[in-house]
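Quick note: residue numbers are just sequence positions, from 1.
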Amino acid sequence: MPFDPMTGPVLIVDRDNRLLRANHAFYQTSDLDPASAASRPLVEIMHPDGHWESCEICYAGVNSGSAIQQGGVSNSALDQIQVRAHGIHSAQGESVGAALVIRDLTVVNRPQPEAARSN
């Protein structure tokens, strides 16, 4: 995976905010392994304690509706990718780190058995 050499956690999620890929640093920071994280919603991964409603980033993502911009679909590459920082929390709700989350708006529930495998 091209982003595995990055020292900080990096995740790629699909348009529906389900995990497609994550790097080694993410798995070292979280209590998850690639098999248990594959295709799971971002809110479950980042908030295993279930308190995502208090996270402004997750709350906005869950309640934002369609990722397609108003006025139609643009062909601009910038309109197909969203990048944001996000906190990683333990099952007890403690902040254990931060991750860079890349949301690929061109991917919708594409089956990927190796989805969260870290190379």
Reported [atom1]-to-[atom2] distance for the pair [X] and [Y], which is rounded to 0.5 angstrom:
X      : Y     : atom1 : atom2 : result
Thr106 : Arg15 : OG1   : CZ    : 9.5 Å
Leu19  : Ile12 : CG    : CD1   : 9.0 Å
Ile45  : Arg18 : CD1   : CZ    : 9.5 Å
Asn23  : Gln28 : CG    : CD    : 8.5 Å

* Is there a side-chain contact between Val13 and Ile102 (heavy atoms, below 4.5 Å)? -> no

* **Flag side-chain contact, heavy atom, 4.5 Å: Val101 against Met46** =>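 Yes, close enough: below the 4.5 Å cut-off.
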
* Asked: Mind checking whether His47 and His89 have parallel, tilted or perpendicular rings, split at 30° and 60°?
  ->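 It falls in the parallel class, under 30°.
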
Which atom pair, heavy atoms only, marks the closest approach of [X] to [Y]?
X     : Y     : answer
Ser36 : Asp33 : N-OD1, 3.0 Å
Pro9  : Ala25 : N-CB, 3.7 Å
Ile88 : Phe26 : CD1-CD1, 3.9 Å

Show me the donor-acceptor pairs, under 3.5 Å and distance only, between side chains in residues 91-100 and residues at least two apart or in other chains.
unit_1: Gln92; atom_1: OE1; unit_2: Ser90; atom_2: OG; d: 3.3

* Matching residue for Arg103 among Asn17, Leu11, Leu42, Asp16 - test: side chain to side chain contact (heavy atoms under 4.5 Å, CB included) -> Asn17

